[in-house]
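Order of the sequence lines fixes the chain letters, A, B, ..., with proteins taken first and strands second; residue numbering starts at 1 for each chain.
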4 protein chains.
Amino acid sequence: MRIDNGQGLDARKQPQQARSQATVDAIFDATIQVLLAEGLQRLTTIRVAERAGVSVGTLYQYFPQKQALLFAVLQRHLERIVRTMEDAAASVHNACLSTMVETVVSAFVKAKTEDLDEARALYAVALELDSRSYVRQVGARNRVALEAMLKTASDADFDDVGMTTFMLTGALLGPIRLLLEAKSPQSMMRKFRHQLESLCLGYLEREARPKRLAD
Amino acid sequence: MRIDNGQGLDARKQPQQARSQATVDAIFDATIQVLLAEGLQRLTTIRVAERAGVSVGTLYQYFPQKQALLFAVLQRHLERIVRTMEDAAASVHNACLSTMVETVVSAFVKAKTEDLDEARALYAVALELDSRSYVRQVGARNRVALEAMLKTASDADFDDVGMTTFMLTGALLGPIRLLLEAKSPQSMMRKFRHQLESLCLGYLEREARPKRLAD
Amino acid sequence: MRIDNGQGLDARKQPQQARSQATVDAIFDATIQVLLAEGLQRLTTIRVAERAGVSVGTLYQYFPQKQALLFAVLQRHLERIVRTMEDAAASVHNACLSTMVETVVSAFVKAKTEDLDEARALYAVALELDSRSYVRQVGARNRVALEAMLKTASDADFDDVGMTTFMLTGALLGPIRLLLEAKSPQSMMRKFRHQLESLCLGYLEREARPKRLAD
Amino acid sequence: MRIDNGQGLDARKQPQQARSQATVDAIFDATIQVLLAEGLQRLTTIRVAERAGVSVGTLYQYFPQKQALLFAVLQRHLERIVRTMEDAAASVHNACLSTMVETVVSAFVKAKTEDLDEARALYAVALELDSRSYVRQVGARNRVALEAMLKTASDADFDDVGMTTFMLTGALLGPIRLLLEAKSPQSMMRKFRHQLESLCLGYLEREARPKRLAD
DNA sequence: CATGAATGAGTCTTCATTCAT
DNA sequence: AATGAATGAAGACTCATTCAT
């Protein structure tokens, strides 16, 4: 959020930064494209620079190492997704379980699906040793948001909210990953969201203790 | 399993092949170790050979390319898992949903968990371009087995078994992956299996139409 | 020739390309030197690069494979020779046989002899599988030029010009090859040209039918 | 000659040597085949051994280094040819030029043509650094034989027999090499020998001084 | 700031040769 | 003697990174 807004604003005032931003964006896009077209193993700084229409030197101006570039691209992607999730989770505090699930699933599917190729391209990057801890952090933020939400559910209490959140996260990630790896993700999309809600809600309702009213 | 036996037999007759087998095994193990210790990107044939206690030349005698080695390791792993799943699914044809889930979850968790490190190590390998189609095949075999099982459920019918199987697979994979990436998977294990059953069963019961008796 | 000029011109305008050209030239020369000093089998990209005073990486910037380098060197050499032959042959259309032979032999000996070492170095390269078809092409161009010339001889007709050209080519190549492989080619040079003319002319006069005047 | 006879004789007495000889022959043949099928650069001891139906170890029993093998094959080939030439040249001492040429050309063409593939396969080997001096030796023997022959010509004297022999050798080699490299050598064969005689005789008659009778 | 030529350490892969069986 | 598994030096080629222009 800050980055998006900030960069837009800065751009108007400082034309050079506008150019910078355009360059950075071009590099980001090029990275995704190369990732999709060639795979992580064949992604080279030169290939990225070429596709971005800049020289390697320029690329290194903005990203002092290859790792930094990959990390930045991954970060942009994951940041957008967690933020979406955090916002969605926060917006349904104190709601009932079914509303929560509906909202969260909807947000998650939308986030992952909007940039389908990007998400696909970044799986391998996320697995890389050097980004592991960051990925874990983001995962943790995600779980924190969900856990905070679940705790406020108007119609349910959980014995082990930590575990429940863990499973819920898994329930969201598993099918999405499968979907992204499928050949024609678009075709199942409509039904998919409904099914994902069913999966999550089925689980949560099984795990919930009915809320004690006079508490 | 079959492989071990077959080779064991041969080994007694042909001492040279016994040595070969020992070498191949050492290379397999070394690959997993390097994968865990260094990651896919830093896995080199020399490092694998060194850790296996053989020369590069020997490694190449058995695996004509690096890819072939990685593929073989992945194959051994996945083959064991699908076979476990196929057997488990076949063993509960015509049972009730809860038995099915219990059996399948148990088999899956056990398979993935037995060689925890191996499973962890191979995620990145499975993502590589060249093994994609094979991974997909195995995934398909898995789904076929589950779908065949679900169709025989004594207490449930499904409108769209294909989709249900798809989601069920996702429900199994997601949390397991999360578990493998967690710091101390062993600690949650006991509770985990129960939770995974809950997730699967909650979903399936929601999706099931009660079976028509006089059909 | 054309290449040098063209690149020279470009070089003045684009200083970077001047550096490039210098690098390429150094690599060419180094290749010949390594070929002579070590032989084709011991020619390695590193050795060439070292002798050229550049790094392997630089070499690969200009020649994407070892083969490409060898091919380029061979091409430069053969191209110069065929062109010399084509020009020489064209320049004596309609002359008498002895003039033709004198001119062609002189051009051929000069071309092969100018860069004696280069010619010597490239025999093995020319034999390599991958350059075979190119070598054949050049040979064909050469024969075409000679055949066209012979057909216009003012004092002779040939029954089978194709065969005659074939033999003439062999008559030129054989002794030259022997000369290049000799220890002190320079010493025989003077007499050699005369002898080669004798060989060619002796043959052609035997094969020629006297020209019918009223044709 | 000695080798062929000797080995045949020994074989009858010492059966083990017969087997040896068979093995050696198989290795020789395999070498030629590999040379033709893969080229010198891709000729490996293992490939040769495989094609010969023996193990590498066995191959090394007979040829302690790869070079030794190649050298032996080359030697067998060249030895046969020089010997043919020496015999042919010796058989026409004191004959007239045209008889000499006819005999020598016939022998040479026959020798090179009998094992067309072998001759083709061995060009690259002959060019290798390590066999250069041997090849030169054989060339020298050849020239010595021809020179001795020319000196006895009944109808001609030469001012510089050395040079004349040199050119004659070149005149023989050049066209033959061209023929071997051609696509369908067999087709031109008949006419070819006649042409080669014409080339040689044309040259020799030009260079000859008529023999002084009362000398 | 931008460029892209240059660098050279690091990878994969091959193959002559050895040696335990 | 024969076998073929094992060795490891050496070669082709790549690519992150630097730096003169």
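- Judged as a side-chain hydrogen bond (donor to acceptor under 3.5 Å, both in side chains), and not counting sequence neighbours, the contacts of B/Thr58 are B/Ser55.
- Residues in residues 20-54 of chain D take part in these ring-ring contact (aromatic ring centres under 6.0 Å, His included) pairs, two or more places apart or across chains: D/Phe28-D/Phe63.
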Audit row: B/Leu78, B/Leu122, side-chain contact (heavy atoms from CB on, under 4.5 Å) steps and yes/no: CA-CA 10 Å; B/Leu78 292 185; B/Leu122 290 172; over 6 Å; no
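- Residues of residues 26-55 of chain D that place a heavy atom closer than 4.0 Å to DNA chain F, in numerical order, are D/Ser55.
- Protein atom OH of C/Tyr62 is 17 Å distant from nucleotide atom P of F/dT14, rounded to whole Å.
- Listed by chain and number, the residues in a salt bridge (charged side-chain N to carboxylate O under 4.0 Å, His left out) with D/Arg136 amount to none (sequence neighbours excluded).
- Look at CD on D/Gln61: it is 7 Å from P on F/dA1, rounded to the nearest Å.
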I'd like a table of donor-acceptor pairs (distance under 3.5 Å, sequence neighbours excluded) in which one partner is a side-chain atom from residues 45-54 of chain C, with atom names and distances.
residue	atom	partner	partner atom	Å
C/Arg47	NE	C/Arg42	O	2.8
C/Arg47	NH2	C/Arg42	O	3.2
C/Arg51	NH1	C/Gln33	OE1	3.3

Verdict with reasoning, A/Leu127 to B/Leu40, per side-chain contact (heavy atoms from CB on, under 4.5 Å): CA-CA 9 Å; A/Leu127 275 182; B/Leu40 177 57; over 6 Å; no
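- The salt bridge (charged side-chain N to carboxylate O under 4.0 Å, His left out) pairs that include a residue from residues 66-76 of chain A are A/Arg76-A/Glu118, where partners are two or more places apart or lie in different chains.
- One atom, CG of D/Leu59, and another, C1' of E/dT18, lie 14 Å apart when rounded to the nearest Å.
- Checked against salt bridge (charged side-chain N to carboxylate O under 4.0 Å, His left out), D/Glu128 has no partners two or more places apart in sequence or in another chain.
- For residues 64-74 of chain A, proximity to DNA chain F is found at A/Gln65, A/Lys66, defined as any non-hydrogen atom under 4.0 angstrom from a strand atom.
- As a whole-Å value, the separation of D/Phe63 CZ from F/dA2 P is 13 Å.
- For the pair C/Gln21 CD and E/dA5 P, the interatomic distance rounds to 13 Å; values are reported in whole Å.
- In this structure C/Asp130 satisfies the side-chain contact (heavy atoms from CB on, under 4.5 Å) test together with C/Gln67, sequence neighbours excluded.
- With sequence neighbours left out, B/Gln75 forms a side-chain contact (heavy atoms from CB on, under 4.5 Å) with B/Phe71, B/Glu79, B/Tyr134.
- The side-chain hydrogen bond (donor to acceptor under 3.5 Å, both in side chains) test applied to B/Asp29 returns no partner, not counting sequence neighbours.
- For the pair B/Tyr60 OH and E/dT14 P, the interatomic distance rounds to 7 Å; values are reported in whole Å.
- Consecutive pairing runs in DNA chain F reach the stem threshold at E:2-21 with F:2-21, where a stem means at least three Watson-Crick or G-U wobble pairs with distances under 3.5 Å.
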